[in-house]
Amino acid sequence: MTTQRTFSIIKPDATRRNLTGAINAKIETSGLRIIAQKRIQMTKAQAQEFYAVHAERPFYNDLVSFMTSGPVVVQVLEGDDAVAAYRSVMGATNPAEAEAGTIRKEFAENIEANSVHGSDSDENAAIEIAHFFSAEEIIG
Ligand code: ATP
Ligand code: MG
């Protein structure tokens, strides 16, 4: 196992319900370290670009509206196999299918408002981190 970084977003459904700390506790309890974090309002253009891979999917416009519907908390997480480790802490995309104890099982409202994002590969993690953080903002 190698130490890696991944990119996380605490989504608007979670910030709206004051769950930032509860989600961060799950992240830290898992052994991942939060090495950068800031609360932002995503612009429509940022959300469209972030989810461009889903541009042809029927839920794309709703997803962009949702991600810009309130503040989000963007984060860089570091730890052993961080990309895979965080996806297992998050649980399945659809909370109905997520394992007990995962963030999405405990907190997600539905398949869209599912409380968190986590990168799906090392390559995408690096791209996503660079999109939201400068090197000086990441203190490992
Ligand atoms: P994320 O990329 O947010 O970490 P993921 O990798 O588990 O989640 P993706 O398939 O990449 O899931 O979908 C990106 C996001 O789009 C999901 O997290 C969810 O918010 C939304 N989404 C995915 N599938 C659907 C769907 N069928 N209906 C509505 N929204 C969806
Ligand atoms: Mg994804």
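As the structure lists them, so they are numbered: ligands from 1, and atoms in each ligand from 1. Hydrogens, waters and symmetry mates play no part in the numbers below; they use all other heavy atoms, side chains included.
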Hydrophobic cluster membership, I10 vs F7, 4.5 Å side-chain cutoff: no
Say whether I129 and M67 are linked into one hydrophobic cluster, either directly or through other cluster members, by side-chain heavy-atom distances under 4.5 angstrom.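 Per the 4.5 Å side-chain linkage, I129 and M67 are co-clustered.
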For R5 and I35, work out which heavy atoms get closest and say how close.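 For R5 and I35, the tightest heavy-atom pair comes out as NE-CD1, 3.3 Å.
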Can you give me the closest heavy-atom contact between T15 and V72, atom names plus distance? CG2-CA, 4.2 Å
What's the shortest distance from [atom] to any protein heavy atom, and which residue and atom give it?
| atom | answer |
| --- | --- |
| atom 1 (P) of ligand 1 | H117 ND1, 3.1 Å |
| atom 26 (C) of ligand 1 | F59 CD2, 3.4 Å |
| atom 21 (C) of ligand 1 | L63 CD1, 3.8 Å |
| atom 19 (C) of ligand 1 | I111 O, 3.2 Å |
| atom 17 (C) of ligand 1 | N114 ND2, 3.6 Å |
| atom 11 (O) of ligand 1 | H54 NE2, 3.1 Å |
| atom 7 (O) of ligand 1 | T93 OG1, 2.5 Å |

Under 4.0 angstrom from ligand 1, any heavy atom of [X]?
| X | value |
| --- | --- |
| D120 | no |
| K11 | yes |
| R87 | yes |
| Y51 | yes |

Plane angle bin for F50 and F132 - parallel if under 30°, tilted between 30 and 60°, otherwise perpendicular: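 Because their plane-to-plane angle is over 60°, the rings of F132 and F50 count as perpendicular.
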Looking at [X], which atoms of ligand 1 are within less than 4.0 Å of one of its heavy atoms?
| X | result |
| --- | --- |
| M90 | 4 (O) |
| R104 | 1 (P), 3 (O), 4 (O), 7 (O), 8 (O), 18 (O) |
| G118 | 4 (O) |

Enclosure of N110 CG (heavy-atom neighbours >12, cutoff 6.0 Å): yes
Taking atom types as modelled, find out whether E123 and S121 have a side-chain donor-acceptor pair closer than 3.5 angstrom.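 Absent: no donor and acceptor within the cut-off.
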Is it true that R16 and S69 share a donor-acceptor pair across their side chains at a distance under 3.5 Å?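 Yes.
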For E112, is at least one N or O under 3.5 Å away from an N or O on ligand 1?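 Yes; the residue has a nitrogen or oxygen that sits under 3.5 Å from a nitrogen or oxygen of the ligand.
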Please check whether A113 reaches ligand 1 - meaning an N/O of the residue sits under 3.5 Å from an N/O of the ligand, judged on distance alone. no
Is NZ or CZ of K38 both nearer than 6.0 Å to the six-membered ring centre of F133 and within 45° of the ring axis? yes
Output the distance between atom NZ (K105) and atom CG (N94), rounded to the nearest 0.5 Å.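 Going from NZ on K105 over to CG on N94, the span is 9.0 Å.
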